[in-house]
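In what follows, chains carry the letters A, B, and so on, assigned in the order in which the sequence lines appear, proteins first and then strands, with residues in each chain numbered from 1.
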2 protein chains.
Amino acid sequence: MPVKQKSSNDSRAGGPTIATAVYDQIRRDIITGVLAPGHKLGSTGLRERYNAGISPVREALNRLAAENLVCFEDQKGFHVAGVGSEDLADLIKTRCWIEEIALRESIANGDDAWEDAIVLAFHRLSKVPRSASSDSYEFNPDWEKLHHAFHGAILGNCGSPRMIAYCDLLADQANRYRQLAASISYPNRSEGDEHQELMNAAIERDVEKAVALHHAHLGKTNNIIMKSGLSLPEGQIAL
Amino acid sequence: MPVKQKSSNDSRAGGPTIATAVYDQIRRDIITGVLAPGHKLGSTGLRERYNAGISPVREALNRLAAENLVCFEDQKGFHVAGVGSEDLADLIKTRCWIEEIALRESIANGDDAWEDAIVLAFHRLSKVPRSASSDSYEFNPDWEKLHHAFHGAILGNCGSPRMIAYCDLLADQANRYRQLAASISYPNRSEGDEHQELMNAAIERDVEKAVALHHAHLGKTNNIIMKSGLSLPEGQIAL
DNA sequence: ATGATAGCAATATTCCAATATTTATCCACA
DNA sequence: TGTGGATAAATATTGGAATATTGCTATCAT
C-alpha cells in the first residue's frame, strides 16, 4: 500500500532533514528545561511530540547522546541526562579551566574589531530583559541568545575552532543549571553588572582581572544553587 | 496486531545493540585509517561492509558526526572527516592547552597508587613493539591500547570526568595523524624514551618539566608530518 | 560552444512493520 | 509472606519498502 509521505513539491530544495529539525527541537527543550533531567525519552512519546517517524527521532537522540545531553543504555532506551551537585561542580570547574585559556588567548589576540564586537554584544544584551515576565523568572529566548553572543564575542577570538566548539558545548550543558539558578535568584542577581565589569577588564586588556571576574561569574551559578539548599533531582549523569 | 513473544535464543540478555557494535567498528576503522579521511560513507556500502541494516548504520554515523569524526550535510550523506595541516595545528594546540591542565591537576593530586599505575602502564607498554611488522610501520592494536592506557594513567588523576573524556576524544582525533606520522618516522622516533622521561618527571612531581615534555611529545607528531613535506589529503574538516 | 532544462539514475531519508528485549503481572509453591 | 518463574504487555531495535532529493546526461535553443 503506497503511503503518502509529505508530498510537498515546493520550489525550495530540500532544506534540513527531519532528523536535524527534531535534533534542534529536542536539544532546545532539554537546555531550556522543558524536558526535565532524567525524563524518559520513549519512542512513542517523542514521535507524537515532535510529529515525526521513529528513525529521525532516534538519529537525533543518537547525536544528543554523543554530546552527553542525553544518556542511553543499550536495549533500555534514552533519557534526558540527569543533573546533580557533583556533576555541576565538575562542569563549573571544567568551564573555569577551559574558558580561562580561551579568555587569555582572546585578549592576547584582541584587536579593535574584537573590542567593537564585545561592546556591541553587550549593548544589545543590556536592552533585553533577563526574564520574559517581570513578576517572576521566566525563560527569555531573546536574552539567552544575546547572552550567548556576548560571551562568544569575548572568547571567540582565541583562534581555535575546537576550543570555541567545546566552550559552546559546556555552556549548553550549563544552561540547564543556569535556568535553575535564575529562578532561585531572580531578580536579585545583577548579571548586567557582572558582564559590564568583565567587558571592561577584557577591553582594558587586564588579563588577570578578567580571568578573576570570569571565574566568579561562572562560580555564581554553583553558589546560588548550593546555597539555596535546593536538592537537585539526582538522576543518571551523562558522564 | 498479534505480537510474537517467542524469543528463540535467550539465557543471555541482549548485549550491545547492532548500532553500538557498528559504531565501534566504524570508529575504529576511522581512527586507524582503514577508512581514509574524506571517504564517502554511503548507505549501501556500509550496509554490506558491516553486515547490518540501514537504521543502525545511520545511528552509528549520527553519533560519530557529533564527535566530529564524521561530517555530514543534510540530504548529502556522510563522509569521514577530512584532515589538513590547519586542522592538525588546531588539534595539537588544543591538546597542549587542555592536557596541560589535566597534567598539572593529576600531579597535584598524585599519590602512591597513581605512581604505581603509571609505572605499571609504562612497563606493559615497553614490552610491546611499536609496529606489528619489524620491516616497516604497521598498526599495532596492542601497542595502541597500552599507549592510550599509559597516557590515561598520567592524566586520569585530574579529578574531572569531563576533562578526561575530552582528552580521550582529542586523542582519538589525533590518532589518525599519529598513524601518518608513525609511518613516516618509523623506526627513528624513540617514543619509549619520550614516555620514560615524561613518567620520571611526573613521578618526581617536577611539574614544569613534565609539562614541557608533554608539550614536546604532542608537538612531535606535528613536526614529523610538517617536516616530511607530505601534503595531507585536504578534505572537509569537521570543525 | 554555452547554458538551460527535462528526464533518469543514484543515493539519502523516512515511515512502518517485524523482531528482540525488557518490564510488569500473575500464579504456584515453599 | 515472599520467591521464582512463566507469561503477557510494553518498549526498543532493526530491516526494508516507499519517498524525496541530488547529481548526472542528453537534448535543445541561443
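- Here the side chain of A/T17 is nearest to one of D/dT21, C/dT14, D/dT14, namely C/dT14.
- Following rounding to the nearest Å, B/E59 (CD) and D/dG15 (C1') show an atom-to-atom distance of 12 Å.
- Here C/dC15 presents its C1' atom at 12 Å from CG of A/N51, a figure rounded to the nearest Å.
- Between A/R178 and A/E144, at least one side-chain nitrogen of the basic residue sits less than 4.0 Å from a carboxylate oxygen of the acidic one, meeting the salt-bridge criterion.
- Nearest to the side-chain atoms of A/P56 among the listed nucleotides C/dT14, D/dT22, C/dT21 stands C/dT14.
- The NE2 atom of B/H79 sits 11.5 Å away from the CG atom of B/L61 when rounded to the nearest 0.5 Å.
- Distance CG (B/L61) to P (C/dT14): 14 Å, rounded to an integer number of Å.
- There is a side-chain donor-acceptor pair under 3.5 Å between A/Y137 and A/Q179.
- Straight-line distance from the CD1 atom of B/I18 to the P atom of D/dA12: 17 Å, rounded to whole Å.
- The side chain of B/K40 approaches C/dT11 more closely than any other nucleotide in the set C/dT22, C/dC16, C/dT11.
- For A/F78 and D/dA12, the CZ to P distance is 9 Å, given to the nearest whole Å.
- Side-chain atoms of A/Q75 lie closest to D/dT13 of the nucleotides D/dT14, D/dT13, C/dT13.
- Among C/dT13, D/dG16, D/dG23, the nucleotide with an atom closest to any side-chain atom of B/R47 is D/dG16.
- Between A/S43 and D/dA12 there is a side-chain N or O to OP1 or OP2 distance below 4.0 Å.
- When the P atom of C/dT13 is taken as reference, atom CG of B/L46 falls 12 Å away, rounded to whole Å.
- You'll find that the side chain of A/K76 is closest to C/dT22, out of C/dT22, C/dT14, C/dT13.
- The existence of a salt bridge linking B/E138 and B/R130 is excluded, since no basic side-chain nitrogen approaches an acidic carboxylate oxygen closer than 4.0 Å.
- Atom-to-atom, CZ of A/R58 to C1' of D/dG15 comes out at 13 Å; the value is rounded to the nearest Å.
- For the pairing with A/L91, the side-chain contact (heavy atoms from CB on, under 4.5 Å) check across A/T221, A/N222, A/V83, A/L170 returns one residue only, A/L170.
- The CG-C1' distance, from B/L41 to C/dA12, rounds to 13 Å in whole Å.
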